[in-house]
Amino acid sequence: MLITAVYLVVSDTAPTVPEIPISDLAKSVGVGEVKKILVEGEKLTITYQNDEIKKSKKEVGSALSQTLFNYGVTSIALAKTEIEIKDESGFMYVLLNLLPFLLPIVFILFFFWYLSKQVRGAGMQALSFGQSKARITDPNDKNNRVTFKDVAGCKEAKEELKEIVDFLKSPKKFLDIGARIPKGVILTGAPGTGKTLLARAVAGEAGVPFFHLSGSEFVEMFVGVGASRVRDLFKMAKKAAPAIIFVDEIDAIGRTRGGGFGGGNDEREQTLNQILVEMDGFEPNDKVIVMAATNRPDVLDPALIRPGRFDRKVLLDLPDRADREEILKIHAVKKPLAEDINLKLIAERTPGFSGADLYSLMNEGAILAARENRKKVFQFDLIRAIEKVMLGPERKSHLLSKKEKEITAYHEAGHAIVASVLPYADPVHKVSIIARGNAGGYTLKLPLEERRLQSKKEFIDDIAMSLGGYVAEQMIFGDITTGPSSDLQMATNLARAMVTRWGMSDLIGPIALVGGGGRSQYGEVVEREYSEAVSTKVDAEVSRIISDGIKSAQIVLSEHRKAFDAIARKLIEVETLEQEEYEKILTAHGIILKKKDLPTTATV
Ligand code: ADP
Ligand code: MG
Ligand code: ZN
């Protein structure tokens, strides 16, 4: 259509040559005005003596001279006119005549061909459903390359994985001595501890192709596809060997089989079976290592982690203080820092943060600085970022009525005083009644030192501290709001875990009543492993621990009623109390401070 339109426009604008009837031509020839006639088929182009050009047409099938004679032109007059005859039956003639018919046909044919190509493409896609969707990281891709240098801390994990790197780099050394390198390595650890990052670092260090796939990608829509994807993936990896296959979040497929989770598990089980079969099918010199990551190692199928499959377990811990500082340093690269930045202090204030949390802390800090149009990140940006990552953004618009503000102030002051007075609770480092995330207010505590083990005495004080808000509301207002609901939940969970998990109840004794993520050692689901009678005792113990907590909070708050009131009133006035100011009020009321160090766990 476009071509036609263009043609029409162009041919319209072409200079139009007047057309005359053949009788006029005959007259002109008779009087000798015509210099030349060009004959193309039945088309005539006439050039006059004065170089004027006109067109005409003769009858089909008769000669021009004959026609002119019939019009009475004499042969003498005709002889004065030059007549040129051009043969039109050449290629151009055929083309010009056929084109109008051929063009649409060509178009239609092209159209059908194009359509059929599309259909064939779709068909190919349907056939390739089974193909693995693995993302392959090329070892020569310098831009996205991650190495062990990009992973801070995790020293033991790195040591363990260096062996793997060694093997992938020089497999001969190991094979010559008859050593068998593990086929599978499983990385476990809390979310955000750097499992995915570490797996990529292994590939980066070893310089081998890295096939990255997440467990849930195996199981997509079509039955049987998960298993065929596995086959495909392993085939590809073997071709590229030495190589690493990394299955992220493997618990999506690696859950205990036959677990009775209701229907729809067949697909997952087939996928899992196929992985097991493929791993068994490895020859000792296949040089393909399967890595997997999960934060739920407890739900994995026992067959998956038996020797010969994922037999290497690498545990990633939450980073300790020194590691946190290292991680912060890694993520501070490329961020211009002001001189007052003290990453050590930030690391001290962030116990329990994972690598991902620290990454997001650094990022939030930079965002805060950018929002205030500063070119550098300052320490107070990072401090604010800690709270943002921990509790969510401040909700300044969350306006409290006067009464609500009072209740929140007394509630938080209750937590704070109990925490500051009880000997085993962590010291308070900030109290605030500005709403953040879900919390109406918050009290931040910081442990005196980093701990891996917690004791019963600490738990008991923690429970009292959690209940401090509840007790405060009751004591001051003689009424209870919905505010302490999450406090109660925390206290109850802690109390229950003390009784059923850690053997911290004298009545029940050192028996672990739950564990293994609700599964027996053989992997079947266990609802409850103890009797009705024990269950009753557990409930009684839990409520005893809670009421003990309430009692000790009550004692603390009534003994230090003056300090309690002072903190609450100050909070109503200024909304946020930092450690220094807070401690000043405490000492003014004769409370002796615990040996202080740096802070952060939150109680809302
Ligand atoms: P997961 O264990 O959940 O797979 P990731 O490996 O995806 O966690 O980590 C998320 C992000 O957190 C990483 O991209 C990285 O920026 C950061 N991170 C986690 N651990 C570390 C670490 N040890 N060193 C440096 N950055 C880390
Ligand atoms: Mg991950
Ligand atoms: Zn509270």
Side-chain angles (χ1 to χ4, degrees), residues 144 146-158 161 186-202 212-216 246-252 291-297 314-320 322-334 347 353-363 389 391 407-419 428 431-433 435-436 438-445 462-473 480-491 553 602-604:
N144 293 318
V146 178
T147 63
F148 282 156
K149 268 207 227 84
D150 300 305
V151 188
C154 320
K155 279 183 207 70
E156 293 82 8
K158 278 199 222 166
L161 293 173
I186 191 153
L187 299 165
T188 63
T193 41
K195 299 179 292 291
T196 309
L197 187 71
L198 205 54
R200 288 179 55 207
V202 169
H212 182 170
L213 204 109
S214 86
S216 53
F246 178 52
V247 186
D248 210 352
E249 316 289 352
I250 197 172
D251 47 296
M291 294 181 78
T294 177
N295 41 33
R296 298 290 314 275
V314 176
L315 180 69
L316 296 180
D317 267 329
L318 284 176
D320 61 16
D323 289 347
R324 285 198 298 274
E325 194 179 337
E326 291 302 313
I327 296 175
L328 285 170
K329 272 186 196 151
I330 284 183
H331 294 299
V333 175
K334 284 188 196 159
F353 270 43
S354 69
D357 289 333
L358 292 168
Y359 166 76
S360 132
L361 186 162
M362 255 346 231
N363 198 39
V389 170
L391 296 163
I407 293 175
T408 312
Y410 273 97
H411 178 111
E412 295 304 328
H415 283 308
I417 297 279
V418 174
V428 173
V431 196
S432 173
I433 56 167
R436 249 183 196 288
N438 287 328
Y442 55 96
T443 302
L444 298 182
K445 307 172 297 168
D462 270 356
I463 290 174
M465 189 258 176
S466 292
L467 295 167
Y470 173 89
V471 171
E473 287 186 26
I480 293 157
T481 65
T482 50
S485 69
S486 66
D487 292 339
L488 295 183
Q489 210 158 42
M490 209 159 99
T603 304
V604 295

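Indexing begins at 1, ligand by ligand and atom by atom, following the structure's order. These figures come from a predicted structure and were not determined experimentally.
- At least one donor-acceptor pair closer than 3.5 Å links the side chain of Asp357 to the backbone N or O of Ser354.
- Side chains of Leu198 and Lys158 form a contact here, defined as non-hydrogen atoms less than 4.5 Å apart.
- You'll find the side chain of His411 stays beyond 4.5 Å of the side chain of Thr481, heavy atoms only.
- Taking a cut-off of under 4.0 Å to the non-hydrogen atoms of Val151, the atoms of ligand 1 that pass are 23 (N), 24 (N).
- Protein heavy atom at the shortest distance from atom 5 (P) of ligand 1 is Gly194 CA, 3.8 Å.
- Residues Lys195 and Asn295 form a side-chain contact, since some pair of their non-hydrogen atoms from C-beta on lies under 4.5 Å apart.
- Between Asp251 and Glu249, the closest side-chain pair of non-hydrogen atoms falls below 4.5 Å.
- Taking every heavy atom of Gly355 and a limit of under 4.0 angstrom, the matching atoms of ligand 1 come to 12 (O), 17 (C), 18 (N), 19 (C), 20 (N).
- Counting heavy atoms only, Leu197 comes closest to atom 27 (C) of ligand 1 of the residues Thr294, Val146, Leu197, Leu318.
- With a 4.0 Å cut-off on non-hydrogen atoms, Thr196 touches ligand 1 through its backbone as well as its side chain.
- Note on ligand 1: His331 sits in its first shell, one or more heavy atoms being nearer than 4.0 Å.
- Only one option out of Thr196, Thr294, Leu213, Leu187 pairs with Asp248 in a side chain to side chain contact (heavy atoms under 4.5 Å, CB included); it is Thr196.
- Using a 4.0 Å cut-off to heavy atoms of Ala356, the atoms of ligand 1 that qualify are 10 (C), 12 (O), 19 (C).
- If you look at Asp487 and ask which of its N, O or S atoms sits nearest the Zn ion (ligand 3), the answer is OD2.
- Here the side chains of Tyr359 and Ile327 are not in contact, with every heavy-atom distance at 4.5 Å or above.
- At a threshold of 4.5 Å between non-hydrogen side-chain atoms, the residues Tyr442 and Ile433 do not count as touching.
- Using a 4.0 angstrom heavy-atom cutoff, Gly192 counts as in contact with ligand 1.
- With ligand atoms numbered from 1 in the order given, ligand 1 contributes 22 (C), 23 (N), 24 (N), 25 (C) to contacts under 4.0 Å with heavy atoms of Ala152.
- For ligand 1, the atoms sitting less than 4.0 Å from at least one non-hydrogen atom of Asp150 are 24 (N), 25 (C), numbered in the order shown with element in parentheses.
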